Amino acid sequence: MPSTHTEDDSGTLSFYLRALYLRRWLIITIVALTVMSATLGMWAMPRWYQATAVIKVDKPEEQVALFSREGGQYDPFFSKEQVEILTSKQILYQVIEALELKQALGDMFADGHTLTESQAYHFLADGIPLSKGRPFFSKSMIKVETTQQGASLIRVSAWTIGEPQLAAAIANATVQIYAADRIAFATANQTEGVNRLKEELTKQGATVSAKRDEVERLRQSLNISGVDINIDVLNQDVENLRSLERTLIQLRVDAIGRKSRWENFRAIPEGDRLMLVNSELISDQNVQDLLEAYMIKQQEHARLEAQLGEAHPELQASQRSIDTIRQQLDQMLRGYERSLELSYLEAQARVGELQRQLKEMRTAQISSETSRMRPFEDAVEELREEEKIYQTMKLTLRQREIDFQAPKKSIEILSPAEAPRHSAWPVWYFIIFPALFCGSVLGIVVALVVDLCDNSFRGVEEIERLTELPALGIIPRGFHLVEPKSYETTQAEPYRVLQTNLELLGDSGTHKVIALQSAGPGEGKSTTLRNLASVMALSGQRVLIIDSDLRRPVQHRHANLSVSPGLADVFDGTMPLDEAIRPAGVPGLDLLSSGDSGRALNRLSVKKLELELRQLKDRYDTIFLDSPPVLGLSDAGLIASLADAVMLVIQHRRHPRRMVMRAKQTIEKYTGQLAGLVLNRVPLSADGEYQYYHANYAYYRSQDSSRSKEPASGARSELADDEAVEGFRMKE
């Protein structure tokens, strides 16, 4: 595509700004269509409602102690972990069950089909189909986020389509179930210990009952009724035996405690053990130090992850360091589990050994007949010891139950979710503003592309340079027919300038017959001819317009006359020339219309017209010939051969340059040369040079009323001088 830029300002900012201004209606149309499309799309979107609950989550004191060296209790790893727990299956499955969301979400997203539990969880936590018009900033129906760094507040938001009450119910159920689950998890060990203690208490009660039965049986068998079992009647050997038995009881209690700790720790999944590590559970300083290093590495990794990409070497090295420490922690925790098991087995072995020793001592005492009362006394002592154990266990259970009834809450619901009154999506400014921006960018791009693809003439200098013809006149857009009352106004000023330039082209009387032609139809050639003829007639000349466009005549409409009689009737000999010429509504201006023929000119008609023109030249100062477009029709060339001067009318940026150049070549083939060019329908803001030509029009517009009061002859003569000067300037 050939370059369409002028030599002076192509590629400059002013060049592109003028191009955008010329295409402003195209830009406005594209922007309006884009905004309208976005608006219609927004109204077609389903209405999303958002309900939000805010909770405060505090970290347990024993875990906070690990971060006390950093001067604060905020733990980003802990907060991130709680966010993941809130959106886990463990919580959301309970929410689905509690609110019966399988059917509700099926009605909302699956055309009424009941969803499975996993499908409902997918909609809640993983994502919603784009066809449902989900908010671009939310990937799931439940969105959990921390409010700000350094705070322990968590915001839980639920999104639903057309169900504000359901959104509030989902948000509230999520935080409530999470709170209950966290409390249950925090008290899991305590609950397990209470249940185990109740079991042991029941067993101990049965043991005490069995011992009482044994004492009564010995009392009857030994016939020692009346003996108070609370009086000590034991000798030294019996006291030694009972001391060993008390030691055995202590070892049994210790073994039970070791077994309980081992079984509880073994029941915890390996993935959850790290969350329970604290100084009270594991007193090993190496484990505590390694855990603290792990937490610090987690914080550093979270900071690097926010700053660096996933493939960054420093971030990958941090992750490898975290994995290494985690492996070491897992190994140490497995070792700790093994140590608990060995400790329990060791305590069990001590209990077995002491039982064996007691059995030997009892056998020795029974075999000796030092005392008939020894079995009874042994049974009474065992009963006392079992009762003491029972009372101790009962008191311990009571204390544990009191502590369990008042657990320490680490979760507080600060703001429960409420049903929203208005939809949260779509938000008009999130849609209209981007649409406005995108429409503006698209409009500007389209306007620039259209302008760059436009290979029409862009300015006066370019037209004069490429055609090597002077621009005799520049007619602004929006000018109408010149009438006698508008002759002294700015409405006629461009045509007066055109008249002056035309008269300055040659000697007086040289250009008697003037033809106005254009490359294509619709360029305003006939209107320009009519206005130029009117201006010349109002200046005192005798002017005749011959509408030689027999195919599509226009001049009779400008004069408010019928198309016949006219030139065709003169050619046919049915009407004399003098009778066919009629006044055109302007003093000094006559019209020879085309007549009702609809035919094309031929050589014979041109010869007849040439003969008529010889007669008319003596009667009129100027004769104008209106003709069809140059390209595609033969009439224009024949008419151009009859004219003394031909002016080519070019509408601003209507036809490609090659079309105008082809019309110029066609006219020159018949006439030898063109008198000049007339730029028609030029917008005043189209180009800086056009504004230069038209700047004085606006200046003198305010003087129209006062000018009409001045003497006509003086004003006209002064205006003629100004036009002459302006004509010389434009020609230059």
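These figures come from a predicted structure and were not determined experimentally.
Using a 4.0 Å cut-off between charged side-chain N and carboxylate O, Arg196 and Glu263 make a salt bridge. A salt bridge links Lys211 with Glu382: the distance from a Lys NZ or Arg NE/NH1/NH2 to an Asp or Glu carboxylate oxygen falls below 4.0 Å. The existence of a salt bridge linking Arg350 and Glu353 is excluded, since no basic side-chain nitrogen approaches an acidic carboxylate oxygen closer than 4.0 Å. Between Asp330 and Arg326 a salt bridge is recorded (basic side-chain N to carboxylate O distance below 4.0 Å).
Considering only heavy atoms from C-beta on, Pro420 comes within 4.5 Å of Tyr49 through its side chain. Contact annotation: the side chain of Thr174 never approaches that of Asn172 to less than 4.5 Å [non-hydrogen atoms, C-beta and beyond]. Using a 4.5 Å heavy-atom threshold, the side chains of Val446 and Ile30 count as touching. At a threshold of 4.5 Å between non-hydrogen side-chain atoms, the residues Val57 and Tyr178 count as touching. Considering only heavy atoms from C-beta on, Trp425 stays 4.5 Å or farther from Arg47 through its side chain. Residues Leu26 and Val450 form a side-chain contact, since some pair of their non-hydrogen atoms from C-beta on lies under 4.5 Å apart. With a 4.5 Å cut-off on side-chain heavy atoms, Thr39 and Trp43 count as touching. Taking the side chain as every heavy atom from C-beta outward, Leu86 and Ile142 never approach each other to under 4.5 Å.
We find the CG-CZ distance between Leu315 and Arg320 to be 10.0 Å, quoted to the nearest 0.5 Å. Rounded to the nearest 0.5 angstrom, Gln204 CD and Tyr390 OH are separated by 9.0 Å. Once rounded to the nearest 0.5 Å, the distance linking CZ of Arg246 with CD1 of Ile389 reads 11.5 Å. Of the inter-residue distances, the one linking Gln357 atom CD with Thr247 atom OG1 reads 10.0 Å to the nearest 0.5 angstrom. Atoms NZ and CG, on Lys259 and Leu340 in that order, are 14.0 Å from each other to the nearest 0.5 Å. Atom CZ of Arg398 is separated from atom CG of Leu197 by 13.0 Å, given to the nearest 0.5 angstrom.
Scanning all heavy atoms of the two residues, the minimum distance from Ile325 to Lys297 falls at CD1-CG, 3.6 Å. Closest of all the heavy-atom pairs between Leu105 and Phe123 is CD1-CB, 4.3 Å. Ala125 and Leu92 make their closest contact through CB-CD1, 3.7 Å (heavy atoms, listed as atom of the first residue, atom of the second, distance). Looking at every heavy atom in both residues, Ala38 comes nearest to Ala435 through CB-CB, 3.4 Å. Of all heavy-atom pairs between Phe433 and Tyr429, the closest is CB-O, 3.3 Å. The two atoms that bring Met108 and Ile161 nearest to each other are SD-N, 3.5 Å, heavy atoms only.
At distances below 3.5 Å, at least one donor-acceptor pair connects side-chain atoms of Ser88 with backbone N or O atoms of Ile85. The closest donor-acceptor contact from the side chain of Gln119 to the backbone of Thr116 lies under 3.5 Å. A distance-only check finds no donor-acceptor pair linking the side chain of Ser318 to the backbone of Glu314 [under 3.5 Å]. A donor-acceptor contact shorter than 3.5 Å is absent between the side chain of Glu337 and the backbone of Leu333. Formation of a donor-acceptor pair under 3.5 Å by the Thr396 side chain with backbone atoms of Thr392 is found in this model. In this structure, Ser321 contributes its side chain and Ala317 its backbone to no donor-acceptor pair below 3.5 Å.
Counting non-hydrogen atoms of other residues, nucleotides and ligands closer than 6.0 Å to CD of Glu200 gives a total above 12. The neighbour count for Glu97 CD, taken as heavy atoms of other residues, nucleotides or ligands under 6.0 Å away, does not exceed 12. The local environment of CZ in Arg421 is sparse, with at most 12 non-hydrogen atoms from other residues, nucleotides or ligands closer than 6.0 Å.
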Practice item. Just do the side-chain contact (heavy atoms from CB on, under 4.5 Å) check on Ile154 and Val54 with the steps written out, would you? Key: CA-CA 6 Å; Ile154 296 179; Val54 180; over 6 Å; no
Review point. Does the side chain to side chain donor-acceptor pair (under 3.5 Å) test come out yes or no for Thr207 and Glu386, once each step is laid out?
Key: CA-CA 7 Å; Thr207 302; Glu386 296 297 337; 4.9 Å; no
Practice item. Show your working on side chain to side chain donor-acceptor pair (under 3.5 Å) between Gln328 and Tyr294 and close with a plain yes or no. Key: CA-CA 10 Å; Gln328 294 176 358; Tyr294 178 75; over 6 Å; no
Review point. Stepwise, does the side-chain contact (heavy atoms from CB on, under 4.5 Å) test hold for Arg212 with Leu383?
Key: CA-CA 6 Å; Arg212 288 184 181 277; Leu383 175 60; 3.4 Å; yes
Point to revise | Check against side chain to side chain donor-acceptor pair (under 3.5 Å), Gln319 and Asp323 | key: CA-CA 6 Å; Gln319 184 62 46; Asp323 295 341; 3.0 Å; yes
Practice item. Could you give me the CA-CA distance, side-chain angles and deciding distance for Leu354 and Leu244, then say whether side-chain contact (heavy atoms from CB on, under 4.5 Å) is met? Key: CA-CA 8 Å; Leu354 192 57; Leu244 289 177; 4.1 Å; yes
Exercise for review: Check the pair Leu153, Thr146 against side-chain contact (heavy atoms from CB on, under 4.5 Å), reporting the backbone distance first and the verdict last.
Suggested key: CA-CA 6 Å; Leu153 302 182; Thr146 55; over 6 Å; no
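For Tyr344, the ring pair (Phe, Tyr, Trp, His ring centres under 6.0 Å) partners are Trp262, not counting sequence neighbours. Not counting sequence neighbours, the partners of Arg338 by the salt bridge (charged side-chain N to carboxylate O under 4.0 Å, His left out) test are Glu341.
Legend: side-chain hydrogen bond (donor to acceptor under 3.5 Å, both in side chains) pairs involving residues 99-109, not counting sequence neighbours, sorted by first then second residue: Gln103-Asp107, Gln103-Thr114.
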